[in-house]
Amino acid sequence: MANEGVRRKSANPLVNRFGQYRSEGIVTEVDMVTASLRRIRIHSKEFTERAYVPGQHVRVEIMDPLSLHGILRPGETLRTYTVRDHAPERAEFELWAHLYDGDGIGLTWARTVEVGSPVRLWGPQGRSEPYPEAPYHLFVGEETGACSFAPLLSALGPDARTFGVLESECPDDDVPIEGLGRVIRVHREGASAVDSDLLATAVADLDLPEEPGHAYVAGEARSGQRVRTHLVEERGWPREAVLVKAFWTPGKKGLHH
Ligand SMILES: Cc1cc2nc3c(=O)[nH]c(=O)nc-3n(C[C@H](O)[C@H](O)[C@H](O)COP(=O)(O)OP(=O)(O)OC[C@H]3O[C@@H](n4cnc5c(N)ncnc54)[C@H](O)[C@@H]3O)c2cc1C
């Protein structure tokens with residue numbers, strides 16, 4: 001398999017400089033977790049042997065960013081998914097991809113990839129600092145954000161006090177999450193996920209301890225900002241206690257951090 005191989009020097013200096021962050025993988029399992037969430041399990045010894053911190057992500061190469069085509073169209077190259085179930089002992093990890101109603105290149109890849117498909121991976125990438133300590137932790141997000149909570153929860157451990165507010169299109173799309181304490185689910189039922197006030201309203205209704213905790217808010221950018229505004233301006237939380245991760249937003253392609 002390619003990921004066991006030795007990298008050859010390329011004529012393209014960019015490939016030699018950045019190619020070291022790439023690895024080859026092969027899809028070993030695919031199935032549906034919910035009506036709109038596809039689980040994609042990938043074997044890659046090279047990727048899983050690299051340093052990894054829970055919460056980090058993989059960038060799936062849809063088109064080579066170091067090719068002429070990729071340099072001319074950088075928005076059409078890499079797509080970001082949270083690394084889940086990272087298992088270096090089996091040389092495997094998985095990602096969960098939300099099959100939203102659209103036509104992005106990441107969405108098309110996630111919809112159509114099959115067992116045996118080769119996949120080129122960049123990373124793991126993202127924050128490498130330990131998750132902040134706090135009296136309690138609040139996790140807020142829609143389908144894409146919810147895919148990123150499980151690794152952070154497992155890093156926090158079973159004794160952490162946690163709360164969750166999760167949005168999805170309808171109950172059939174609820175992202176399963178183990179290890180989250182009190183969970184409130186809200187449903188769009190046809191409304192847009194963009195600049196949604198469902199999450200902020202549900203967080204406002206949440207019975208939280210008096211003192212601030214730490215919040216991780218992930219998913220559509222403007223909906224996340226609404227949650228931060230509520231926590232900071234209405235509950236008096238310090239701004240730095242609210243981490244908003246913009247996973248996607250209209251007009252932007254392939255967001256990453
Ligand atoms: C750090 C990080 C971790 C992420 N982890 C995950 C993950 O584990 N699982 C997951 O499913 N996604 C995850 N995402 C989000 C995912 O990368 C984006 O949804 C991405 O835009 C998908 O690429 P695309 O090619 O389908 O769409 P793009 O080409 O990037 O965007 C095309 C259009 O589709 C819109 N769009 C993109 N995503 C959505 C959506 N979910 N709903 C509605 N409209 C959308 C965009 O706003 C844009 O207008 C993560 C993002 C980041 C930054």
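For ligands, and for the atoms within them, numbers begin at 1 and follow the listed sequence.
Atom 3 (C) of ligand 1 has its closest protein heavy atom at Phe247 CZ, 3.4 Å. Scanning the protein for heavy atoms near atom 9 (N) of ligand 1, the closest one is Trp96 O, 2.8 Å. Here the protein heavy atom with the shortest distance to atom 53 (C) of ligand 1 is Leu255 O, 3.4 Å. Nearest protein heavy-atom contact of atom 44 (N) of ligand 1 is Trp248 CZ3, 3.3 Å. Considering only non-hydrogen protein atoms, atom 34 (O) of ligand 1 sits nearest to Tyr100 OH, 3.4 Å. For atom 50 (C) of ligand 1, the nearest non-hydrogen atom of the protein is Thr80 O, 3.3 Å.
Remark: ligand 1 atoms within the under-4.0 Å shell around heavy atoms of Ala97 are 11 (O). Applying the 4.0 Å criterion to heavy atoms of Gly251 picks out, from ligand 1, the atoms 49 (O). Against a heavy-atom cut-off of under 4.0 Å, Pro250 is close to the following atoms of ligand 1: 47 (O), 49 (O). For ligand 1, the atoms closer than 4.0 angstrom to any heavy atom of Leu107 are 24 (P), 26 (O).
At a heavy-atom cutoff of 4.0 Å, ligand 1 is contacted by no atom of Val194, backbone or side chain. No part of Lys245 comes within 4.0 Å of ligand 1, judged by heavy-atom distances.
Proximity annotation for atom 28 (P) of ligand 1: of His98, Arg79, Glu142, Glu94, Arg79 comes nearest, heavy atoms only.
Ring orientation note: the planes of Phe139 and Tyr216 are tilted relative to one another, at an angle of 30° to 60°. The aromatic rings of Tyr100 and Trp248 sit parallel, their planes meeting at an angle under 30°, below the 60° perpendicular limit.
Residue contacts with ligand 1: Gly254 is included, with a non-hydrogen atom under 4.0 Å away.
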Query raised in the report: Thr80 and Gln125: side chain to side chain contact (heavy atoms under 4.5 Å, CB included), yes or no, with the steps?
Result: CA-CA 10 Å; Thr80 310; Gln125 296 181 359; over 6 Å; no
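Some N or O of Thr82 is nearer than 3.5 Å to an N or O of ligand 1, by distance alone.
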